[in-house]
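Heads up: the structure comes next, in structure tokens.
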There are 2 protein chains.
Amino acid sequence: MGEPKFNRRSADDRRRLLIDAALRCLAQHGADGLSTRTIAAEAGVSLGLINHYYRHKDDLIADAYHSAASELLAAMQAEVDRVPASDARGRLSAFVRASFSGQVLNPDLFKVWLAFWSLSTRSVRVQEVHDTTYGDYRSLLERLLADLAAARGIEGFDARLAAIGLSALLDGLWLEWCLNATTFTPDEGIAMTERWIDGFVGTATGHC
Amino acid sequence: MGEPKFNRRSADDRRRLLIDAALRCLAQHGADGLSTRTIAAEAGVSLGLINHYYRHKDDLIADAYHSAASELLAAMQAEVDRVPASDARGRLSAFVRASFSGQVLNPDLFKVWLAFWSLSTRSVRVQEVHDTTYGDYRSLLERLLADLAAARGIEGFDARLAAIGLSALLDGLWLEWCLNATTFTPDEGIAMTERWIDGFVGTATGHC
DNA sequence: GTCCGTCTTGAACGTTTGTTCAACTATGCT
DNA sequence: AGCATAGTTGAACAAACGTTCAAGACGGAC
């Protein structure tokens with residue numbers, strides 16, 4: 001007669017439910033407001049279920065980090081792929097534009113990442129997730145930059161260093177904007193980054 | 001006869017003692033390991049003393065943020081001032097070198113800043129400290145960049161935007177290195193930043 | 001030497017934390 | 001229909017948290 005007190009789900013469904021709930025909690029309350037009880041309430045399940053699927057809270061957060069980072073990277077890649085491979089410069093611009101879109105330039109997302117970074121200094125599990133996902137992120141940038149250098153016939157271009165510099169500039173602008181959104185506008189951020197790209201690629205061979 | 005169980009100190013001395021202890025705790029254990037009991041133990045005082053000088057723990061952290069940021073900025077300014085004002089480019093290089101010195105490029109310091117950033121999204125008190133200290137930081141950079149542009153006779157130079165970009169690049173490289181020190185060396189970071197400066201100042205007028 | 005003011009102490013309180021586990025129940029199988 | 005399995009629950013636990021406050025002790029004033 002009465003409604004069932006709970007439904008049974010597959011392990012994959014449950015894990016996704018818990019991960020999404022954890023990400024919402026992090027976005028809302030930051031790292032300090034993230035407790036097993038908060039996550040359970042947000043997911044609409046009982047407290048004990050979390051420890052049934054994750055031995056420790058940190059394991060869930062590591063999974064959430066991996067999920068969020070993968071999703072973000074996939075979204076960036078999709079934006080890049082809207083531009084044909086023949087237009088190497090345009091693909092790079094698509095990446096930059098995506099980096100300053102409302103989905104990324106978001107104080108809530110910043111709170112989530114702050115929590116991940118904090119935990120990565122304490123948990124090797126999270127540290128590993130960071131290393132792999134950030135490596136993928138930089139690989140994408142490196143490929144885009146190398147393609148551009150190749151298209152312009154630039155030789156001896158250090159794509160690795162360029163990718164590190166560009167990702168640092170993007171991350172730094174993202175960081176500053178999330179900490180205080182009044183210092184500059186997203187458009188100014190885009191202009192600054194575009195200029196960096198042109199400067200770096202333009203002077204890579206030592207001439208103009 | 002016996003040693004006194006405690007010594008009385010001035011309010012300023014006590015506050016400094018507590019601030020330094022809090023900073024050491026943050027460097028060691030990060031934001032999560034920071035409790036009033038840990039700070040008290042590190043400072044060698046009783047638990048109650050903290051709440052005697054600071055109504056709330058966040059007030060102590062805000063004070064610690066202000067202290068650490070001021071000290072860091074003063075150290076940077078001192079390094080810059082070792083180069084004569086006539087050498088605008090050299091002063092900027094001194095700032096860059098100081099940014100990649102062992103004192104700054106330090107995972108322990110990173111943990112401290114992570115805690116400050118996390119708290120700044122929650123406490124208006126800490127947010128205010130961030131806004132003022134970061135404003136000072138960017139003002140110094142802006143002055144150095146404007147001096148360089150003036151020395152080179154560049155007109156229409158947007159020092160504000162340049163300072164934002166340079167600080168973002170520096171912060172981004174600092175962030176990446178602290179999260180994973182194997183991706184690039186400090187010297188590579190210096191080279192990248194120097195190149196950014198030359199590129200930005202060189203192309204500011206639109207010619208080579 | 002004694003006294004007073006206040007700086008300092010540490011026990012105590014009420015929350016909240018992560019984790020455990022015995023009990024319960026939905027669900028597929030026979 | 002009933003059984004076995006396993007997904008789910010929520011009470012319980014010990015530990016740690018920030019904060020309060022009455023009691024204690026140092027150190028200067030007299």
Side-chain angles (χ1 to χ4, degrees), chain A residues 1-22 25-26 28-65 115 118-119 122-126, chain B residues 1-22 25-26 28-65 115 118-119 122-126:
Chain A
M1 279 298 109
E3 304 236 317
K5 293 188 177 178
F6 57 84
N7 296 325
R8 300 189 158 185
R9 300 285 166 80
S10 74
D12 281 348
D13 282 358
R14 282 302 187 205
R15 270 190 251 267
R16 172 121 309 274
L17 191 76
L18 293 174
I19 286 173
D20 289 341
C25 287
L26 279 176
Q28 271 194 344
H29 314 104
D32 287 342
L34 190 76
S35 72
T36 50
R37 282 167 180 81
T38 313
I39 299 172
E42 179 71 32
V45 298
S46 76
L47 175 60
L49 196 68
I50 292 180
N51 290 106
H52 185 256
Y53 286 104
Y54 293 99
R55 196 90 164 80
H56 300 289
K57 194 181 82 165
D58 288 2
D59 296 335
L60 168 55
I61 303 182
D63 245 25
Y65 190 6
S118 297
L119 198 56
R122 191 156 44 80
S123 155
V124 283
R125 202 84 170 59
V126 177
Chain B
M1 278 301 108
E3 302 236 319
K5 293 188 176 177
F6 58 83
N7 296 324
R8 299 188 160 189
R9 300 286 165 81
S10 72
D12 281 349
D13 282 359
R14 282 300 187 206
R15 269 190 252 267
R16 171 121 308 274
L17 190 77
L18 293 174
I19 287 172
D20 289 341
C25 287
L26 279 176
Q28 271 193 346
H29 315 104
D32 287 342
L34 190 77
S35 72
T36 50
R37 284 166 179 81
T38 313
I39 299 172
E42 178 72 30
V45 299
S46 77
L47 174 60
L49 197 68
I50 293 179
N51 289 107
H52 184 258
Y53 286 103
Y54 292 99
R55 196 91 164 80
H56 300 289
K57 193 181 81 164
D58 288 2
D59 296 336
L60 168 55
I61 304 182
D63 245 26
Y65 190 5
S118 297
L119 198 57
R122 189 156 45 79
S123 154
V124 282
R125 203 76 174 65
V126 177

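Since this is a predicted model, take the numbers as computed values, not measurements. Just so it is clear: chains get the letters A, B, ... in the order the sequence lines come, proteins before strands, and each one is counted from 1. Keep in mind that the numbers below use all heavy atoms, side chains included, and drop hydrogens, waters and symmetry copies.
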TODO: Using a heavy-atom cut-off of under 4.0 Å over every strand shown, decide if A:Ser35 touches base, sugar-phosphate, or nothing.
DONE: sugar-phosphate
Task: Side-chain heavy atoms of A:Asp32 within contact of B:Arg122, under 4.5 Å - done: yes
TODO: Output yes when at least one side-chain N/O atom of B:Tyr53 is less than 4.0 Å from OP1 or OP2 of C:dC7, else no.
DONE: no
Task: Candidate list A:Arg15, A:Arg14, A:Arg16, test side chain to side chain contact (heavy atoms under 4.5 Å, CB included), partner A:Arg9, passing option - done: A:Arg14
TODO: Could you say whether B:Phe6 or B:Leu34 is positioned toward the 5' end of DNA chain D, judged by the nucleotide with the nearest heavy atom to each?
DONE: B:Leu34
Task: B:Arg14 side chain near C:dT8 phosphate (N/O to OP1/OP2, under 4.0 Å) - done: yes
Open item on the list: Do A:Arg8 and A:Asp13 have side chains that approach each other closer than 4.5 Å (heavy atoms only, starting at C-beta)?
Closed with: no
Task: Pair of N/O donor and acceptor under 3.5 Å linking C:dT6 base with B:Arg8 side chain - done: yes
Open item on the list: Please determine whether a side-chain nitrogen or oxygen atom of B:Asn7 lies at a distance below 4.0 Å from atom OP1 or OP2 of D:dC26.
Closed with: no
TODO: Return the residues of residues 38-52 of chain A meeting this criterion: a heavy atom under 4.0 Å from some atom of DNA chain C. Order them by number, or give none.
DONE: A:Leu47, A:Asn51
Open item on the list: Strictly below 4.0 Å: does B:His56 bring a side-chain N or O up to OP1 or OP2 of D:dT19?
Closed with: yes
Open item on the list: With a 4.0 Å cutoff (strictly under), does any side-chain N or O of A:Arg55 reach OP1 or OP2 of C:dT20?
Closed with: yes
TODO: Please work out if B:Arg37 contacts a base, only the sugar-phosphate, or nothing of the nucleic acid, heavy-atom cut-off 4.0 Å.
DONE: base
